[in-house]
K.L.:
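Here you go, one structure.
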Amino acid sequence: MQSIKPIVGIMMGSQSDWTTMKHTKLTLEKLGVPCEAKIISAHRTPSRLVNYVESAKERGILVLIAGAGMAAALPGAVAALTPLPVLGVPMEGKLLGGLDAMLAMAQMPGGIPVGTLAVGKAGAINSAILATSIIALSDEKISINLDKYRAKQTANVNEDPIDEIQ
Ligand code: RP5
């Protein structure tokens, strides 16, 4: 059986980021976007980082998503190596709740952008939706998937609040 080639590459700095970044993968799967997930650290595995990012475009990857915490250099280092769009997801941290990682990703020098999302699970989910929006510009099937996903999300919001089950 022929496997479907990934068009989104999800990267994370550590196994400890997977609890959050699995929401990126789950959301991309719901949206019908083929993806792959790799542990790649800017600090601990720099050669793996260069090899992965430099081959991404020729392998058919269209968008790269990088989740990282603490110094959170990963998305910036990725963006320095490729013209592909790079989205950054800051991990929640013990010291500053992820604000440190968010600022590290958002405060990139002019010329090398990282599209920085919210800290934690919301950012992980939104990175998948934003990557899908980018791809949907030139892919009709994925554009339809995105419209359906958004319509379902809207339909699932009750107008009247209900008591939470205790
Ligand atoms: C970052 O350091 C990773 O992205 C992770 O969020 C953080 C801590 O990594 P571990 O010490 O849990 O492996 O590079």
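Atoms within a ligand are numbered from 1 in the order they appear, just like the ligands themselves.
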K.L.:
Transitively linked via ILVMFWY side-chain contacts under 4.5 Å: Val86 with Val89?
P.N.:
no
K.L.:
If you define the side chain from C-beta out and look only at heavy atoms, does anything of Cys35 sit under 4.5 Å from Lys25?
P.N.:
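In short, these two side chains touch, coming nearer than 4.5 Å.
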K.L.:
Numbering the atoms of ligand 1 from 1, which are under 4.0 Å from a heavy atom of Ala68?
P.N.:
4 (O)
K.L.:
Test of understanding: clusters of I, L, V, M, F, W, Y form through side-chain heavy atoms closer than 4.5 Å, transitively. Do Ile134 and Val114 belong to the same one?
P.N.:
no
K.L.:
Out of Asp17, Val89, Ile40, Thr20, who is nearest to atom 5 (C) of ligand 1 when you count heavy atoms only?
P.N.:
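Checking each option, the heavy atom nearest atom 5 (C) of ligand 1 is found in Asp17.
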K.L.:
Which residue owns the protein heavy atom closest to atom 1 (C) of ligand 1, what's the atom, and how far is it?
P.N.:
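Sorting protein heavy atoms by distance from atom 1 (C) of ligand 1 puts Gly69 O, 3.5 Å first.
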K.L.:
For a 4.5 angstrom cut-off between non-hydrogen side-chain atoms, does Val33 reach Ile7?
P.N.:
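Heavy-atom side-chain distance check passes, below 4.5 Å.
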K.L.:
Are any side-chain N or O atoms of Thr132 and backbone N or O atoms of Leu146, one a donor and one an acceptor, separated by less than 3.5 Å?
P.N.:
no
K.L.:
Once you restrict to heavy atoms under 4.0 Å, what part of Ser16 touches ligand 1? Side chain, backbone, both or neither.
P.N.:
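Near ligand 1, Ser16 shows its side chain, while the N, CA, C and O stay back.
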K.L.:
At what distance is the nearest protein heavy atom to atom 10 (P) of ligand 1, and which residue and atom is it?
P.N.:
Ser14 OG, 3.5 Å
K.L.:
Heavy atoms only, cut-off 4.0 Å: how does Arg44 contact ligand 1, side chain, backbone, both, or neither?
P.N.:
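Contact part for Arg44 vs ligand 1: side chain (C-beta onward).
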K.L.:
Is there at least one pair of N or O atoms, one from Gly67 and one from ligand 1, spaced under 3.5 Å apart?
P.N.:
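By distance alone, the answer is no.
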K.L.:
Suppose we measure from atom 8 (C) of ligand 1 to each protein heavy atom; which comes out shortest, and what is that distance?
P.N.:
Met70 SD, 3.8 Å
K.L.:
Run the side-chain donor-acceptor check on residues 39-65: report pairs under 3.5 Å with partners two or more places apart or on a different chain.
P.N.:
from  : atom 1 : to    : atom 2 : distance (Å)
Ser41 : OG     : His43 : N      : 3.1
Ser41 : OG     : Arg44 : N      : 2.8
Thr45 : OG1    : Ser41 : N      : 2.8
Thr45 : OG1    : Ser41 : O      : 3.2
Arg48 : NH1    : Ile39 : O      : 2.8
Asn51 : ND2    : Ser47 : O      : 3.3
Tyr52 : OH     : Glu36 : OE2    : 2.6
Ser55 : OG     : Asn51 : O      : 3.0
Ser55 : OG     : Tyr52 : O      : 3.2
Arg59 : NH1    : Glu36 : OE2    : 3.4
Arg59 : NH2    : Glu36 : OE2    : 2.7

